[in-house]
Amino acid sequence: MTKAGNDPVSVSIENGVGLIGLDNPPVNALGAALRKGLSDAVAALNNDPAVRVIAVYGTGRCLSAGADIREFGKPPQEPRLSDVLDQIEASAKPVIAVVHGTTLGGGLELALACHARIGLPGAQLGLPEVTLGILPGAGGTQRLPRLIGLQEAVDIISSGCRVGTDEAAALGILDGTDTRSPREAALAAATGVARGGMPTRRTGQIVARIDPELIRQAIEKLQRKRPALAAPIKAVEAIAHAEKPIAEGLKAERALFLELMDSPDRQGLIHAFDAERVARHFPETSATPRPVGQVGVIGGGTMGSGIATALLQAGIPVILVETAAERAEAARAAVAGNLDNAVRRGKVSATARDAQLAMLTVTADLEGLADVDMVIEAVYEDMAVKTGIFGRLDQICKPGAVLGTNTSYLDVNAIAAATSRPQDVIGLHFFSPAHVMRLLEVVVADKTAPEVVATALALAGRMKKVAVRSGVCDGFIGNRILAHYRKAADYMLLDGASFQQIDRALEDFGFAMGPFAVGDLAGLDIGWATRKRKAATRPAKERYVAVADRICERGWFGRKTGRGYYLYGDDKTREPNPEVAAMIEAERADKGITPRAFSDDEIVSRYMTAMISEAARVVKEGIALRPIDVDAVFLFGYGFPRHLGGPLNYADRIGAAALIERIETYAAEDAYYWQVPALLRELAHSGRSFADLNKE
Ligand code: TC6
């Protein structure tokens with residue numbers, strides 16, 4: 001075997017087979033050195049008379065997870081991946097690929113350019129480029145439809161979805177499967193080819209049939225999406241060229257790929273991708289996490305049963321504590337229902353579900369948590385109730401157990417102070433439904449020990465959550481910012497915009513749902529309880545909009561009661577609730593407000609400026625470590641449009657100076673609410689951006 005030091009490619013020859021092992025940990029990303037090594041290896045093995053067939057596999061966990069994302073945004077380096085793949089397809093000696101682990105993007109395009117593909121169990125194949133604002137530009141749009149047909153290629157490429165080994169084999173992406181190690185499978189397949197037992201072909205020579213009507217319909221469907229992003233549309237346009245000779249098709253693909261390179265969507269999507277990975281770099285990362293075997297969850301409501309579900313799905317045994325035996329059984333039923341849904345959606349097998357449910361114990365006795373390694377309390381948001389529980393946990397739990405609270409607003413320092421071990425107490429703020437939403441705010445209190453933070457981070461990793469570190473403040477990163485910008489929506493409502501217009505304008509901007517529809521979905525009673533809690537401390541200068549209180553006083557809490565801002569039918573359609581319009585008019589009359597018209601642009605501008613303002617304060621106060629942490633919170637917990645990359649990434653597009661100008665304009669009507677955050681002034685003054693702060 002030849003491989004020097006950090007060489008990302010190893011080459012060996014065995015029984016006439018030239019074996020190329022991609023060796024660029026952790027995921028064999030196709031960086032410049034690997035591309036060059038691969039190209040050189042293919043050339044050398046072609047020239048070696050001892051070699052009859054070549055096979056490529058990955059050392060480590062996968063064939064390749066695709067292009068090296070660290071090269072994104074930098075000047076391209078030779079050799080280009082597409083040139084290396086064209087060289088492989090043109091190779092005089094057949095090249096076989098072994099597909100294993102997560103083989104994505106350029107990694108799958110490499111396999112498609114080979115002359116046959118063998119899959120290993122558990123492989124995940126996909127072309128996720130459109131989710132990064134680009135298209136599979138190394139032949140993916142030309143070779144996949146040739147291999148598997150037009151409709152299937154359009155579906156896979158325009159969605160960026162992944163398919164497993166069996167599906168890939170059924171579709172025709174894979175020519176066979178093997179259960180041996182990647183290297184053994186490579187050797188076996190190549191030997192099979194050398195003996196004439198396994199056919200090979202050049203993908204580029206297969207003729208694809210393109211149905212223009214199917215292409216037209218696919219593009220129309222993508223254009224109807226809100227937001228309608230350019231990348232999936234251009235990817236389908238590229239596929240339409242797949243009936244041409246491969247060289248022409250690749251040229252067309254390249255031209256469309258280049259059109260996407262400078263798009264703001266691409267920048268935002270790559271920032272969103274980075275946010276997920278950067279956020280988990282906490283200062284406490286170097287501390288040693290405590291081992292977590294079994295976790296106790298207190299409270300079996302929506303939140304508690306969701307958290308228990310998420311833990312079980314991560315293979316972690318759970319003891320769930322409720323206040324009475326029948327409530328504990330109801331919680332078990334809720335968890336079972338969540339796990340059943342996952343089976344229904346094809347996420348897990350019924351056998352796996354049964355094994356997960358078998359790891360759940362429910363009890364009405366808090367003493368049952370004596371031996372757990374971690375507790376996550378998820379009871380009603382009431383400080384007295386929570387401190388009472390933590391006082392008891394202090395008595396019950398073994399030394400070293402991590403004591404987590406899922407509070408979404410309350411002071412974690414105060415909760416920690418109810419115990420004699422504040423170093424073990426931490427906030428673990430999950431988002432509902434906890435087994436679906438990816439965000440986990442890890443709230444680090446004044447006395448939380450670094451290894452407790454590291455334990456939370458490790459748990460988040462096992463649960464595949466996006467962990468973001470937050471300091472202690474009312475609402476932490478997300479809910480604190482939400483509480484601020486949500487008011488901007490209410491002010492616009494009172495000043496003349498309708499809730500339907502506000503929701504629609506923000507949905508057109510890219511949010512999955514507008515703020516009033518979200519309120520209805522979450523339950524209007526939740527915000528009502530918070531407003532009542534804060535009523536006594538509300539500053540006199542703050543404008544207050546009471547429409548939501550009036551709605552709640554009627555017993556209308558949104559979807560769960562069939563009525564809120566909207567009326568909900570059985571089919572989940574929404575119609576504006578006409579009685580809400582009357583409530584708004586009454587409040588306007590009461591306060592002497594003459595309604596005025598708002599454009600959709602103004603609605604978006606005010607809403608986003610308010611969000612960015614509070615986000616800037618959260619960063620300045622050190623509640624969030626970096627601007628990108630705020631972006632991660634909003635992308636993974638609040639349905640922020642991914643192509644905009646998060647509120648502070650979006651803020652850089654507007655620029656600090658322009659944001660200050662907006663705030664000063666709005667301040668003319670409400671100088672208390674619209675105040676320029678100090679950080680925005682600093683950025684405007686120094687000419688820096690939030691992106692610059694991320695690098696510091
Ligand atoms: C493409 O190929 C386009 C081609 C067109 C050519 C013209 N590059 O996520 P994890 C790092 S588009 C460099 O924690 P997992 C990652 O940063 C690209 N590094 O692990 C992390 O490092 P850290 C298409 C990468 O098991 C470490 O690996 N490809 C890359 O939860 C572990 O990652 C994609 O979009 C990369 N491509 O998930 C794939 N990928 O520990 C993106 C990962 O220092 N990657 N790293 O922070 C993924 O989806 C996942 O990482 C995964 C592994 C499924 C491969």
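Start at 1 and go down the list; that is how both ligands and their atoms are numbered. If you read the sequence from its start, that first residue is 1, and numbering goes on from there.
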One line per pair, note the atom names and distance for all nitrogen or oxygen contacts under 3.5 Å between ligand 1 and the protein.
| from | atom 1 | to | atom 2 | distance (Å) |
| --- | --- | --- | --- | --- |
| ligand 1 | 2 (O) | A67 | N | 2.7 |
| ligand 1 | 2 (O) | G106 | N | 2.8 |
| ligand 1 | 8 (N) | I69 | N | 3.0 |
| ligand 1 | 9 (O) | R277 | NE | 3.4 |
| ligand 1 | 9 (O) | R277 | NH2 | 3.3 |
| ligand 1 | 14 (O) | R280 | NH1 | 3.4 |
| ligand 1 | 14 (O) | R280 | NH2 | 2.9 |
| ligand 1 | 20 (O) | R61 | NH2 | 3.1 |
| ligand 1 | 26 (O) | R61 | NH2 | 2.5 |
| ligand 1 | 29 (N) | A65 | O | 2.7 |
| ligand 1 | 37 (N) | A67 | O | 2.8 |
| ligand 1 | 47 (O) | R280 | NH2 | 3.2 |

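Counting only distance, with no hydrogens or angles, the side chain of D265 and the backbone of L644 share no donor-acceptor pair below 3.5 Å.
Listed by first then second residue, pairs satisfying side-chain hydrogen bond (donor to acceptor under 3.5 Å, both in side chains) with a partner in residues 101-118 number zero, not counting sequence neighbours.
A salt bridge does not link E89 with R202: every distance from a Lys NZ or Arg NE/NH1/NH2 to an Asp or Glu carboxylate oxygen is 4.0 Å or more.
For F273 and H271, the ring centers sit 6.0 Å or farther from each other.
Residues D23 and T59 bring a donor and an acceptor atom of their side chains to less than 3.5 Å of each other.
With respect to L110, the side-chain contact (heavy atoms from CB on, under 4.5 Å) criterion is satisfied by exactly one of V84, V95, L22, N28: L22.
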